[in-house]
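Here's the structure, in C-alpha cells; my notes come after.
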Amino acid sequence: MRKIIFEAIGNLILVSLFAAVIIEVFVTNVKYTNDGSQFTTGTISSIFLIYLIVFLISRWVLSKKDKSYSLKQGEFSAADEREKNNAYFASIVSYKSTIISLFIALGIFVFINNLLNPPFDIELNLFVSGVVLFTLVICIGFLSYAIAWVFQDTRWL
C-alpha cells in the first residue's frame, strides 16, 4: 500500500507543478516583441526540475527497498494476485472518474468561454483555465486510483 500512496502523492505533485510551469512559461513570463515571442523560465520551473529529480531518485530508492515495486510499472507493480486484483479494480474506478471529470471539465470550459466573457467584464484567460481544468482531471484520476486501491486492499482484510 505504501507504493500506491507514494506514487499517487508523487504524481499529484508532479502534475500540479508541471501545470504551474506551463502557466508560468506561457502566460506569466512570456514577452511579445516585434521579433516574436520570448519565453523565460522562473522559480516554479526550478522547483519543478528539482522535484522531478528528487521524485525519480525516490522511486529508484523505493524500487531497491521494496522488491515488489518496479520502476517501469509504478503503481501497477504487484507482489501477488491480490495486488493485481486491487490494481484492476482501481483502474476501472480511475477510468470512470476520469471520464466523468472530463465531461464536467468540458462543461465548465464551455461555460467559462461562452457565458462569462461576453456578458460580464470579467477577463478570464482560456489557456490558464484549460490547463487548470485538465490538471484537475488528471489529479482526480490519480487520486481516485489510490483511494480505490486502498479501499479494495482494506476490504480484503
I want to check something: taking the side chain as every heavy atom from C-beta on, are Phe142 and Ile9 in contact at a cut-off of under 4.5 Å? no
More than 12 heavy atoms of other residues, nucleotides or ligands under 6.0 Å from CZ of Phe127: is that the case? yes
Report yes or no: do Phe18 and Val128 belong to one cluster of Ile/Leu/Val/Met/Phe/Trp/Tyr joined by side chain heavy-atom distances under 4.5 Å? yes
Carefully, step by step, assess Lys3 and Leu62 under the rule side chain to side chain contact (heavy atoms under 4.5 Å, CB included). CA-CA 8 Å; Lys3 62 187 167 198; Leu62 182 61; 4.2 Å; yes
Rounded distance [0.5 Å steps], OG in Ser63 versus NZ in Lys72: 11.5 Å
In one Ile/Leu/Val/Met/Phe/Trp/Tyr side-chain cluster, 4.5 Å: Ile53, Phe48: yes
Do any pairs count as a salt bridge (charged side-chain N to carboxylate O under 4.0 Å, His left out) and have a residue in residues 41-62, sequence neighbours left out, and if so which ones? Glu7-Arg59
Nearest non-hydrogen partners of Ser129 and Phe109, listed with the distance: OG-CE1, 3.9 Å
Between the side chain of Gln152 and the main-chain N/O of Asn85, is any donor-acceptor distance below 3.5 Å? no
For Ala105 against Val137, the heavy-atom pair lying closest together: CB-CG2, 3.7 Å
Compare all side-chain heavy atoms of Ile140 with those of Thr98 and state whether any distance is below 4.5 angstrom. no
Might you point out which heavy atoms bring Ala148 and Ala90 nearest each other, and give the distance in Å? CB-CA, 3.7 Å
Rounded to the nearest 0.5 angstrom, the OG-CH2 distance for Ser144 and Trp149 is 15.0 Å
Is the backbone of Val93 close enough, under 3.5 Å, to the side chain of Ser97 for a donor and an acceptor to pair up by distance? yes
So how far is it from Glu24 CD to Ser46 OG, rounded to the nearest 0.5 Å? 7.5 Å
Atom pair CG (Leu12) and OG1 (Thr135), whose distance is rounded to the nearest 0.5 Å: 11.0 Å
Just wondering, are more than 12 heavy atoms of other shown residues or ligands nearer than 6.0 Å to CZ in Phe55? yes
In short, ring pair (Phe, Tyr, Trp, His ring centres under 6.0 Å) pairs touching residues 58-95 with sequence neighbours left out are Phe76-Tyr145
Taking the side chain as C-beta and beyond, is there a heavy-atom pair between Asn11 and Glu75 under 4.5 Å? yes
Mind listing the closest non-hydrogen atom pair of Ser45 and Val25 along with its distance? OG-CG2, 3.9 Å
Applying a strict under-4.5 Å side-chain criterion to I, L, V, M, F, W and Y, I'd like to know whether Val54 and Ile44 cluster together. no
Is any side-chain heavy atom of Leu136 less than 4.5 Å from a side-chain heavy atom of Val132? yes
Please round to the nearest 0.5 Å and tell me the distance separating atom CG of Leu17 and atom CD1 of Ile22. 11.5 Å
Is Val110 reachable from Ile99 through a run of I, L, V, M, F, W or Y residues, each pair having side-chain heavy atoms under 4.5 Å apart? no
Say whether Val21 and Leu56 are linked into one hydrophobic cluster, either directly or through other cluster members, by side-chain heavy-atom distances under 4.5 angstrom. yes
Test side chain to side chain contact (heavy atoms under 4.5 Å, CB included) on Asn86 and Phe151; report intermediate values, then the result. CA-CA 9 Å; Asn86 291 350; Phe151 171 77; over 6 Å; no
